[in-house]
Amino acid sequence: MVLNPVISKLGGKLVVLASASPRRREILTNVGLRFEVVPSWFKETLDKSLFKAPYEYAVETAKQKALEVARRMQFKHLKTPDIVIGADTVVTVDGCILEKPVDKQDAYRMLSRLSGKEHSVYTGVVIIHCNSESGEEVEYDIVDFYEETKVRFAELSEEMLWEYIHSGEPMDKAGGYGIQALGGMLVEYVHGDFLNVVGFPLNHFCKTLGEIYNPPSKNEVKRVKYDSIPSVETFESPGDLENGLLACEGEREAEEPDQKDGGKSENESRSSASPQWGSVAPTGAQGQTGWKPVFPHRIANLLDGFKASKVLFAASKLKVFDLLSHPEGLRVAEVAEKIPASVVGTERLLDAAVSLGLLEKSRQGDSVVFKNTEEASRYLVSTSEYSLHGYIMHCNDHVWPLFGHLEHAIREGTSQNERAFGKKSDRLFERVADITNLLSKQQRKGRCSKAMWSICSTLCSTQEGTLIARFRAACTVIVPSCKRKPRLSRCNSARNAMQTFEKISQRKKPYMSQVDFDVNVITGDFFKDDLPKADLYILARILHDLPEEKIHILLSKLSKMCTPGCGLLVAEIFLDEERKVPCRALLQALGMCEGSQRSAPDYSQLLKTYGFTEVHVKHTGNFLDAILCVKQ
Ligand SMILES: Cc1cn([C@@H]2O[C@H](COP(=O)(O)OP(=O)(O)OP(=O)(O)O)[C@@H](O)[C@H]2O)c(=O)[nH]c1=O
């Protein structure tokens, strides 16, 4: 869900986070940014004495981290990202820069220095735009900034210090503490952006993106002080969409709440003991000074979220994105005629899609024309290579009606198929297979497999390809199928397994005929039938949905089939260990009955019991993460 208009400007671009920090990944994932994580190999060893101020050191380190990744991707992965984001967080106290402790003694030294004092946390951030338009040479446009937050620690007793150090938390964190977890107990106050301490100043980042993508015109008046994230081209007020096609509720609701900050500095006004956006009141050092109304962006976005999803679904169903792949763009009346639909309704749909960053609107002479954004052309046109159209239709036709009964599903813990479709099922939410019953025979063809494949194939569109490129022989892919029986696809080929996975994911006849290797689709039941022999097995979106006993049957069979050295790639959404992110995994879990979502270590542990040793875990920030294992 990308509701933030500034973040959505990055949609369709290959955005890379050059950081191994799980906190940065989480902060950016939480606001809907889609990106790949490529940790930087740059060693943080710049000579600190060369910098006049600590933030200069943090910014320069962030820059070197990001540049290293941009260059490595270009030369090693032969892939030029559009944008690389790098960051570096340091803690400074008494003129000294503290980075991550090297051992427990070092953590002790750092924490005892911080005890009973105020210190500053600086995060330097660098946004690199890689511009390869001018030919071979890639130009790097670099924008950087830093953010300072002041934090004061309580007096820490020796006992408390050591207990905290032994918790293990300090070791991968600047200054030796994590304010977002146990370390929060050591903190007396925070002045400034909380997320800046955690490792990424999100607010400043969004502002900077706003300046890059929506530079304010000279005459523009800055309207809202608190809402410092530029909100051009968005539904700035939660009423904007409400007054549209579905509701016609009359006049817009009351004005936005008064958001003047009463003279506090911006940093102070964003202080909070919680990483939540917006809705938490700014407090003074003692947490006592009065509550101020801050516009609750997160809640407002959630209130509108279902409408935004439905705009995507309706536009896809009406094939608007197919029509608007027209290079010149089309006028409202032309779109309305082709759909066909009312002009007034079409205009509202197109305008809403523009505000969501799915379409572009421009003036051509006297007329206004609409056309796809780059992202829409890539992912929303039904015939495009990485089309998500099938999956979107599945969400519209199947998931949407079922989620309308979520309260019942939660209360009863049973399938809502009967309520939604008048048909019984033993699953909480029936899986793709059942859409086929709602479609005509013609429509049925390929629809649900496309839905599954379209999300699986996005796994291939990214760097994960390199993960399994080493398995160059036969590859068996197991995906859920629209057929009653689970389906296996086997590719007998000495080709790059990634290419194999990618090509078969298209599942289109004309495309397939261009592929110079055999794709052998075997319809069978992978619980009962024999599995074909392969060097690499891919289980894409299978395990999360199976009960323990079925996982056991499948993994035992795979383990038996695999000789030492054979690979197993499991593609699923991985939860973090605290089961808090990514949101998609937890939302998906609402529709599961027998299975469960797992973290990467959970999967690793599970696969280990069947003789598979983890080789690589990839959190993609994409639809699916991947864990590659090898049979011992
Ligand atoms: C003060 C504080 C820091 N951190 C973490 O400290 C690391 C800083 O180190 P870095 O060098 O900037 O980043 P890294 O983790 O080494 O990753 P990379 O970007 O690859 O260098 C980052 O993780 C931050 O979240 C917290 O999680 N909570 C806190 O309260």
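All values derive from a computational prediction rather than experimental measurement. Read the numbers this way: they start at 1 and go in the same order the structure lists the ligands and their atoms.
Between Arg24 and Glu26 there is no salt bridge, since none of the side-chain N atoms of the basic residue sits less than 4.0 Å from a carboxylate O of the acidic one. In this structure, Glu374 pairs ionically with Arg378, as a charged nitrogen and a carboxylate oxygen lie closer than 4.0 Å.
Side-chain N/O atoms of Glu159 and Tyr164 include no donor and acceptor closer than 3.5 Å. For the residue pair Tyr57/Glu44, the side-chain donor-acceptor check at 3.5 Å is not satisfied. Looking only at atom types and distance, the side chain of Glu147 has no donor-acceptor partner in the side chain of Thr123 under 3.5 Å away. No donor-acceptor contact under 3.5 angstrom links the side chains of Thr149 and Asp193, judged on distance only.
Protein residues lining ligand 1, listed by chain and number: Ser19, Ala20, Ser21, Arg23, Arg24, Glu44, Lys65, Ala87, Asp88, Thr89, Lys100, Asp172, Lys173, Ala174, Tyr177, Gly178, Ile179, Gln180, Val197, Val198, Gly199 [non-hydrogen atoms, distance under 4.0 Å].
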